[in-house]
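Proteins come first, then strands; the chains are lettered A, B, ... in the order of their sequence lines, and each starts at number 1.
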There are 2 protein chains.
Amino acid sequence: MAPKPRRVTQREIARIAGVSQTTVSLVLNDRDGSNIRIPEETRERVREAIEAATYVADPAARRLAGLDNQIVGVFTYEPALSPESMDFYGPLLNGIERAAEQVGCDLLFFTSSPVEDGTRRLFHRKTRLRLADGCILLGQQMDGAELERLVDERFPFVAVGRRDETEAKVPYVGLDYVTPTRALIDRAVALDHERAVYLHRDRPSPTARDRRAAIESAGAEGRLTFALSGAEDLAGLAGLVRDHRATVLFAEDAFLAEDAIHALTGAGVRTPADVSVAALAEVRGHRSDGRVLTGFHVPRDEVAAEALEVLHELIASPVEDWDSLDTQRLLGAEVEPGETIVERATR
Amino acid sequence: MAPKPRRVTQREIARIAGVSQTTVSLVLNDRDGSNIRIPEETRERVREAIEAATYVADPAARRLAGLDNQIVGVFTYEPALSPESMDFYGPLLNGIERAAEQVGCDLLFFTSSPVEDGTRRLFHRKTRLRLADGCILLGQQMDGAELERLVDERFPFVAVGRRDETEAKVPYVGLDYVTPTRALIDRAVALDHERAVYLHRDRPSPTARDRRAAIESAGAEGRLTFALSGAEDLAGLAGLVRDHRATVLFAEDAFLAEDAIHALTGAGVRTPADVSVAALAEVRGHRSDGRVLTGFHVPRDEVAAEALEVLHELIASPVEDWDSLDTQRLLGAEVEPGETIVERATR
DNA sequence: CTGAAAGCGCTTACAG
DNA sequence: CTGAAAGCGCTTACAG
């Protein structure tokens with residue numbers, strides 16, 4: 001490997017400005033207080049030397065000496081910059097970049113993390129994790145053990161997406177799906193619907209539970225009667241809709257909604273004329289027969305930005321105070337009224 | 001700011017394993033040679049202690065002690081992760097991520113760089129540039145002075161995109177547009193076209209010069225006679241085409257091609273029936289009336305990956321050898337035959 | 001007001 | 001075969 005090219009150091013600047021290296025450090029960091037008082041004249045001289053030499057402090061040395069680095073780690077459990085993952089990660093990364101820009105942080109992507117069992121590992125022999133002041137974790141699925149370890153080691157981090165796989169209090173910024181699901185159900189009820197089908201996937205995620213909770217409480221309150229169907233049973237969907245006399249269908253996400261529409265149309269059921277359809281997830285860009293799909297707008301960029309904010313609070317607070325911080329936050333998704341929930345046809 | 005939580009260090013590991021801290025370092029880095037010979041037994045003991053304590057070396061300290069960090073900086077002159085810039089940066093970042101994964105590098109995005117005059121600055125008071133072993137530069141436009149400075153300081157870097165704004169030898173990986181432009185002209189000639197219009201923008205970039213060179217040499221050789229039009233003169237385009245009796249139109253990029261098609265169609269000129277159209281740039285996703293636009297496929301991800309490769313060579317070579325390295329590379333764009341260059345209509 | 005010194009956690013000659 | 005020591009470039013008490 002190449003010999004590290006000799007760089008300008010504070011000692012050099014000190015020599016030029018005719019002061020001690022300590023003074024250079026003090027000026028560089030704008031230190032000024034009760035016990036440090038450097039005359040403006042001296043400061044100016046040092047600044048000039050710094051300017052002339054285009055000196056910048058070595059971040060590694062700063063870090064080693066105990067300062068923070070203004071570097072936020074970004075860990076994704078899958079490649080984040082591939083075309084396929086852009087759909088999910090794109091808005092998140094965008095939010096992170098914007099927030100980082102605002103607070104003056106650089107972003108360290110742990111792309112080198114080795115892949116084991118199809119997912120990246122955060123902790124490995126040469127992890128550069130500690131180079132960052134803290135870390136943002138992204139991914140649909142996360143490793144509980146790694147989360148625990150981060151908590152144990154008191155390393156500042158925030159997960160994007162609600163986490164409940166661990167005992168430990170994991171800081172996160174996630175999304176609340178209960179409220180918008182309720183809102184969509186209310187809308188259906190207001191449009192005279194009484195019987196619904198919920199087409200869901202089989203993943204037990206916190207957001208899936210949210211939707212389920214909202215649906216169950218609506219059922220319990222007798223506002224809308226639900227029949228459930230798994231995503232694997234698309235073939236039986238039209239039959240279920242008919243048997244249940246459902247006039248509205250909620251799908252767990254937009255892709256599933258499209259599949260459902262396809263299946264229903266194929267069985268001679270018109271959407272939304274016979275059966276209204278809505279997705280309980282992001283619907284941006286999804287249309288059915290030219291109609292904007294009813295569903296949510298999920299502010300993923302805001303989630304990411306807020307995650308960075310929480311991380312910043314953690315970094316700025318002494319570890320003893322972490323417990324009193326509000327580090328588990330939920331943001332609401334916004335309802336997209338769309339055009340695929342319409343008034344129930346009178347028979 | 002939070003007190004740096006106490007971390008496990010090599011000293012601690014040494015204590016546990018009953019060896020010196022030096023030995024821990026040696027084992028950790030798999031050092032073994034003529035003057036270093038640690039018995040497997042000792043190594044094993046140390047490894048166990050490392051494992052048990054889930055110890056990882058502090059990258060800041062490693063860096064300070066002169067080792068490389070396996071961190072590649074990524075500097076973009078604009079925000080790279082915004083939806084608008086994804087079109088351009090997306091494939092590049094994807095290529096970089098893949099290459100980084102392969103060589104085991106982490107990626108440090110300099111998002112904190114302050115914006116001056118609408119563009120980010122790489123050098124500033126607290127640039128974390130030196131934390132990286134080297135840096136990839138991305139952006140349509142780059143600052144010549146910054147490039148010079150990087151060269152002067154012997155900091156390993158590679159620009160994505162050809163650079164010719166400086167005296168100094170700037171390492172880059174760019175694209176050759178001469179060859180594919182020639183190929184497209186050949187194609188037009190083969191399809192009996194004799195007279196063409198070139199609709200271009202007004203940016204003097206290396207790639208713009210490539211296209212121009214190919215067009216001028218074709219003109220000089222009498223293979224295709226060109227009339228030129230600026231992008232701002234779309235209104236006069238149909239007139240120019242008629243006056244010049246052009247049967248094929250080359251546009252500098254796909255968007256311009258679309259504008260041109262729109263303008264021609266509006267003036268009663270059919271494309272490609274009356275006038276064939278091609279873009280001298282990436283055409284992925286562009287269609288005209290259902291037809292795949294003729295143009296190029298630009299391997300942007302490969303460009304980025306190759307840039308990382310060159311960077312790696314720089315990092316691995318002593319500075320004295322840099323001059324003998326092949327650090328200015330051009331990759332060829334591939335021709336997309338498309339469907340908008342057709343045989344010239346016989347009149 | 002400013003400097004000499006210790007220390008951050010590592011690596012690497014240099015001695016044993 | 002292995003350890004004590006110097007040094008990487010910084011920050012920050014602690015003395016003057």
Is [X] close enough to [N] that one of its side-chain N or O atoms is under 4.0 Å from OP1 or OP2 there?
X: A:R63; N: C:dC8; value: no
X: A:T9; N: D:dC8; value: no
X: A:T23; N: C:dC1; value: no
X: A:S25; N: D:dT12; value: no
X: A:R11; N: D:dG9; value: no

To the nearest Å, how far apart are [X] [atom1] and [N] [atom2]?
X: A:L64; N: D:dT11; atom1: CG; atom2: C1'; value: 10 Å
X: A:L26; N: D:dT12; atom1: CG; atom2: C1'; value: 9 Å
X: B:I38; N: D:dG3; atom1: CD1; atom2: C1'; value: 11 Å
X: B:D58; N: C:dT11; atom1: CG; atom2: C1'; value: 13 Å
X: A:N29; N: D:dC10; atom1: CG; atom2: C1'; value: 9 Å
X: B:R62; N: D:dC8; atom1: CZ; atom2: C1'; value: 14 Å
X: A:D30; N: D:dT11; atom1: CG; atom2: P; value: 12 Å
X: B:R15; N: C:dG9; atom1: CZ; atom2: P; value: 15 Å

When you measure from the side chain of B:T76 to the backbone N and O of B:P79, does any donor-acceptor pair fall under 3.5 Å?
no

Indicate whether the side chain of [X] and that of [Y] have a donor and an acceptor atom separated by less than 3.5 Å.
X: A:T111; Y: B:R98; value: no
X: B:S20; Y: B:T23; value: yes
X: A:E78; Y: A:Y89; value: yes
X: A:S82; Y: B:N94; value: no

Kindly say whether, by distance alone, the side chain of A:T22 makes a donor-acceptor pair under 3.5 Å with the base of C:dA4?
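Check passes, donor-acceptor contact within cut-off.
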
What pattern of brackets, bars and dots sums up DNA chain C from 5' to 3', given Watson-Crick or G-U wobble pairs under 3.5 Å, [ ] for crossing pairs and | for another strand?
|||.||||||||.|||

Go through [options] for me and flag the one nearest to the [X] side chain.
X: A:S20; options: C:dC10, D:dG3, C:dG3; value: C:dG3
X: B:Q10; options: D:dC10, C:dT11, C:dC8; value: C:dT11
X: A:Q21; options: D:dT11, C:dT11, D:dT2; value: D:dT11

Applying a 4.0 Å non-hydrogen cut-off, can you work out what B:L28 is touching in the nucleic acid: base, sugar-phosphate, or nothing?
nothing

Tell me, please, whether A:F123 has A:R149 positioned over its six-membered ring: NZ or CZ under 6.0 Å from the ring centre and within 45 degrees of its axis?
yes

Test side-chain hydrogen bond (donor to acceptor under 3.5 Å, both in side chains), reference B:Y77, set B:Q141, B:E146, B:Q140, output is B:E146

